[in-house]
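The model shown is predicted, which means the values in this text are computed figures rather than measured ones. For reference, positions follow the sequence shown, starting with 1.
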Amino acid sequence: MKTTLLNAEDYTRAPWKNGGGVFTDIADAHRPGTVAKNWDSLLWRFASTPIVAPGPFSHMPDIDRLQMVIGGRGLVLKAGGQELDEREPFTTVRFTGEMEIVTELEAGPVEVVNLMARRGAAEIELVALKEPGERPLPAGTHLVYALSRDCDIQLKCEEFLVSGGSTLKIELTEASRLTLVSGLAVLASIRLVS
């Protein structure tokens with residue numbers, strides 16, 4: 001097991017692929033040996049972003065996406081004849097980067113987190129940790145993103161205090177168990193596939 005604390009002040013910011021906004025890159029991984037880290041070399045990315053006005057999502061071929069509202073409420077994603085409902089915070093929706101999506105805001109701006117991965121390269125999961133308790137973690141990379149306040153977690157009999165806005169990156173070579181002692185966090189899990 002390897003753990004790394006990612007502090008909020010070390011996150012990087014970059015424009016959305018379509019230039020319509022700016023996201024905060026919390027953690028990512030690119031193909032090994034990649035010189036230029038760009039959308040084409042991306043294996044996975046976990047990021048947060050505000051959505052302040054209705055508009056189109058970026059076109060991201062071969063990318064699978066998970067998204068969750070962590071601040072505000074009332075977000076709806078419209079894609080053709082279907083609707084992806086994120087009106088309530090901490091609801092995870094899954095969609096592909098090829099979908100032509102336009103956002104609708106029913107109650108003002110929202111803040112979301114996105115977990116995306118290159119299709120066929122990784123399996124991803126995104127859940128909110130709202131109540132104290134234990135959950136299994138498979139081998140892979142896990143990101144515990146503490147939201148508005150400090151988050152206290154236990155992992156393999158070790159205790160970690162993750163300050164609000166920071167992220168604990170956990171790299172596991174075998175399955176383990178994570179216990180949320182207190183706080184509110186988002187857990188992003190990535191398992192690379194060969």
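The shortest distance between side-chain heavy atoms of Glu159 and Asp152 falls below 4.5 Å. Side-chain contact between Val110 and Leu105 is present, with heavy atoms from C-beta onward closer than 4.5 Å. Met60 places a side-chain heavy atom less than 4.5 Å from the side chain of Lys17. Between Asp62 and Glu98 the shortest side-chain heavy-atom distance falls below 4.5 Å.
Here the closest heavy-atom approach between residue Arg119 and residue Gly97 is recorded as NH2-N, 4.2 Å. When all heavy atoms of Leu192 and Ala122 are compared, the closest pair comes out as CD2-CB, 3.9 Å. When all heavy atoms of Trp16 and Pro50 are compared, the closest pair comes out as CZ2-O, 3.5 Å. Pairing each heavy atom of Ser163 with each of Ala146, the nearest pair is O-CB, 3.6 Å. When every heavy atom of Lys156 is checked against every heavy atom of Ser176, the shortest pair comes out as CG-OG, 3.4 Å. Ala47 and Phe23 get closest at one heavy-atom pair: CB-CD1, 3.8 Å.
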Inset, instruction - Apply side-chain contact (heavy atoms from CB on, under 4.5 Å) to the pair Asn18 and His59, showing each step before the final yes or no. - result: CA-CA 8 Å; Asn18 68 7; His59 183 69; over 6 Å; no
Legend entry - Test salt bridge (charged side-chain N to carboxylate O under 4.0 Å, His left out) applied to Glu100 and Lys78, step by step: CA-CA 8 Å; Glu100 292 184 16; Lys78 304 273 188 169; over 6 Å; no
Inset, instruction - Begin with the C-alpha distance, continue with both residues' side-chain angles, and end with the deciding distance and a verdict on side-chain contact (heavy atoms from CB on, under 4.5 Å) for Thr103 and Val76. - result: CA-CA 6 Å; Thr103 58; Val76 180; over 6 Å; no
Inset, instruction - I would like to know whether Ile70 and Val112 meet side-chain contact (heavy atoms from CB on, under 4.5 Å); could you show each step before the answer? - result: CA-CA 5 Å; Ile70 58 169; Val112 302; 5.9 Å; no
Legend entry - Glu111 and Met68: CA distance, side-chain angles, deciding distance, side-chain contact (heavy atoms from CB on, under 4.5 Å) verdict: CA-CA 9 Å; Glu111 180 83 16; Met68 176 191 295; over 6 Å; no
Inset, instruction - Could you please spell out the steps behind the salt bridge (charged side-chain N to carboxylate O under 4.0 Å, His left out) verdict for Asp25 and Arg13? - result: CA-CA 6 Å; Asp25 190 359; Arg13 283 158 184 78; over 6 Å; no
Legend entry - Intermediate values then yes/no, salt bridge (charged side-chain N to carboxylate O under 4.0 Å, His left out), Glu131 and Arg135: CA-CA 11 Å; Glu131 302 290 334; Arg135 67 177 294 115; over 6 Å; no
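With respect to Glu125 and Arg94, no salt bridge is recorded, no charged nitrogen being found less than 4.0 Å from a carboxylate O.
Taking Ile, Leu, Val, Met, Phe, Trp and Tyr as members and joining any whose side-chain heavy atoms lie under 4.5 Å apart, directly or through other members, the hydrophobic cluster of Val127 also contains Met1, Leu5, Leu129, Leu137, Val144, Ile153, Leu155, Phe160, Val162, Leu168, Ile170, Leu172, Leu178, Leu180, Leu187.
Screening Glu88, Glu106, Glu86 for a side-chain hydrogen bond (donor to acceptor under 3.5 Å, both in side chains) with Arg73, the sole residue that qualifies is Glu88.
In Glu174, the CD atom is not crowded: 12 or fewer heavy atoms of neighbouring residues, nucleotides or ligands sit closer than 6.0 Å. Heavy atoms from other residues, nucleotides or ligands lying under 6.0 Å from CD of Glu134 number more than 12.
Rounding to the nearest 0.5 angstrom, the gap separating the CG atom in Asn114 from the CG atom in Leu66 is 9.0 Å. Interatomic distance, CG of Leu143 versus CG of Leu126, reported as 10.0 Å (0.5 Å rounding). Between atom OG1 of residue Thr141 and atom CD of residue Glu171 there is a gap of 5.0 Å, rounded to the nearest 0.5 Å. To the nearest 0.5 Å, the span separating NE2 on His142 from OG on Ser189 amounts to 4.5 Å. Rounded to the nearest 0.5 Å, atoms CZ (Arg65) and OG (Ser58) are 6.5 Å apart. Here the straight-line distance linking atom OG of Ser166 with atom CG of Asn7 works out to 4.5 Å at 0.5 Å rounding.
The closest donor-acceptor contact from the side chain of Arg149 to the backbone of Gly164 lies at 3.5 Å or more, if one exists at all.
The hydrophobic cluster containing Tyr11 also contains Leu115, counting ILVMFWY residues as joined when their side-chain heavy atoms lie under 4.5 angstrom apart, directly or transitively. Side-chain heavy atoms closer than 4.5 Å link hydrophobic residues (I, L, V, M, F, W, Y) into clusters, and following such links, possibly through other members, connects Leu184 to Leu6.
Taking the six-membered ring where the residue is Trp, Phe95 and Phe57 present tilted rings, their angle falling between 30° and 60°.
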